[in-house]
Visitor: 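Okay, handing you the structure first.
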Amino acid sequence: MPHIPFGVDMDLLSGALHNPAHHLVRKASDMRGYYADANALDALIRTGNDPLHYEVFEAPIPRESGDLMVCISALQPGRVGEECFMTKGHYHTIARTAEVYLCLRGEGLMLMKTAGGDCAVETMARGRMVYVPPGWAHRSVNTGPEPLVCFCVYPADAGHNYGDIEVQGFPKRVIRKNGDIQLLETAL
Ligand code: S6P
Ligand code: ZN
């Protein structure tokens, strides 16, 4: 891909980018193993017609050192059992790379952890930026009734490493119970 300046149009409400180079779609069936209540996820897949979980639209940028990847994502509202819809979460393959999330719509939490056992949680809301430092795995959680739409920028060669996340998850799970958002400690 040539390195020439360009611009792209985005729909900040739905969280879409026109003519993306890559469009990632994750449905409920892609999330097996990630939620505490596997039966509730199976029921959602069967009776809910395997609903959309989240989408990520990436701009046409080479995944090269020195470039910045730009994407916009939309995480749908909903729950699996009591647990709020969330992304899989990942480390970056190149661990020294950070990421900036600017929230454009909705409400949520960013769960972050290091391989060394540190954990952090930041709120996400329209107009709020969350900085994910190098070495921190990150997972977005939608705690509200609308799509959680975010604009992200990170080094284009960073890569995704799902590492221990599918097996261990994060040190906290986010549930909505009786209308309240609660953070549960998980046994790691
Ligand atoms: C990429 C950035 C996001 C995620 C997206 C999907 O570094 O953090 O664009 O790719 O939120 O998350 P996941 O964990 O399924 O790759
Ligand atoms: Zn990332």
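When a ligand or atom number is given, it counts from 1 through the structure's own listing order. What's counted below: heavy atoms across the whole structure, side chains too, no hydrogens, waters or symmetry copies.
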Visitor: Please determine if Glu58 and Arg63 form a salt bridge, counting it only when a charged side-chain N lies under 4.0 Å from a carboxylate O.
Guide: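 Salt bridge: yes.
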Visitor: One thing to verify: whether Arg173 and Glu82 come together as a salt bridge, which I'm taking to mean a side-chain N less than 4.0 angstrom from a carboxylate O.
Guide: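 No, Glu82 and Arg173 are not salt-bridged.
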Visitor: So which bit of His160 gets within less than 4.0 Å of ligand 1, heavy atoms only: side chain, backbone, both or neither?
Guide: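 Within the 4.0 Å criterion, His160 contacts ligand 1 through side-chain atoms alone.
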Visitor: Would you indicate whether Asp180, at its atom CG, is surrounded by more than 12 heavy atoms from other residues, nucleotides or ligands within a distance under 6.0 Å?
Guide: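 Check passes, neighbour count above 12.
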Visitor: Is there any N or O on Tyr101 that sits under 3.5 Å from an N or O of ligand 1?
Guide: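 Among all N and O atoms of Tyr101, at least one is under 3.5 Å from an N or O of ligand 1.
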Visitor: Give a yes or no on whether a salt bridge exists between Glu166 and Lys88, defined as a side-chain N under 4.0 angstrom from a carboxylate O.
Guide: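 Between Lys88 and Glu166 there is no salt bridge, as every charged N stays at least 4.0 Å from the carboxylate O atoms.
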Visitor: Does one side chain, of Thr143 or Arg176, offer a donor that lies under 3.5 Å from an acceptor on the other?
Guide: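 No.
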Visitor: May I ask whether His92 has any heavy atom positioned less than 4.0 angstrom from an atom of ligand 1?
Guide: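 Judged by the 4.0 Å heavy-atom criterion, His92 does count as contacting ligand 1.
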Visitor: Between the Zn ion (ligand 2) and His90, is there an N, O or S atom separated by less than 2.8 Å?
Guide: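 Yes - counting backbone and side chain alike, His90 has an N, O or S atom under 2.8 Å.
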Visitor: Does Glu99, backbone or side chain, put an N or O under 3.5 Å from an N or O of ligand 1?
Guide: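 Yes.
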Visitor: Can you tell me which residue among His22, His23, His18 is in a ring pair (Phe, Tyr, Trp, His ring centres under 6.0 Å) with Phe57?
Guide: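 One option only clears the test, and that one is His23.
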Visitor: Tell me whether His160 has at least one N, O or S atom under 2.8 Å from the Zn ion (ligand 2).
Guide: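 Checking His160: none of its N, O or S atoms is under 2.8 Å.
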Visitor: If I apply the N/O under 3.5 Å rule, does His90 come out as touching ligand 1?
Guide: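 It does: an N or O of His90 is found under 3.5 Å from an N or O of ligand 1.
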Visitor: Hey, is ligand 1 close enough to Gly89 that some N/O pair sits below 3.5 Å?
Guide: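 Yes - when backbone and side-chain N and O of Gly89 are compared with those of ligand 1, one distance drops under 3.5 Å.
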Visitor: Contact between ligand 1 and Cys71 is defined here as a heavy atom of the residue under 4.0 Å from a ligand atom; is it met?
Guide: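 Judged by the 4.0 Å heavy-atom criterion, Cys71 does count as contacting ligand 1.
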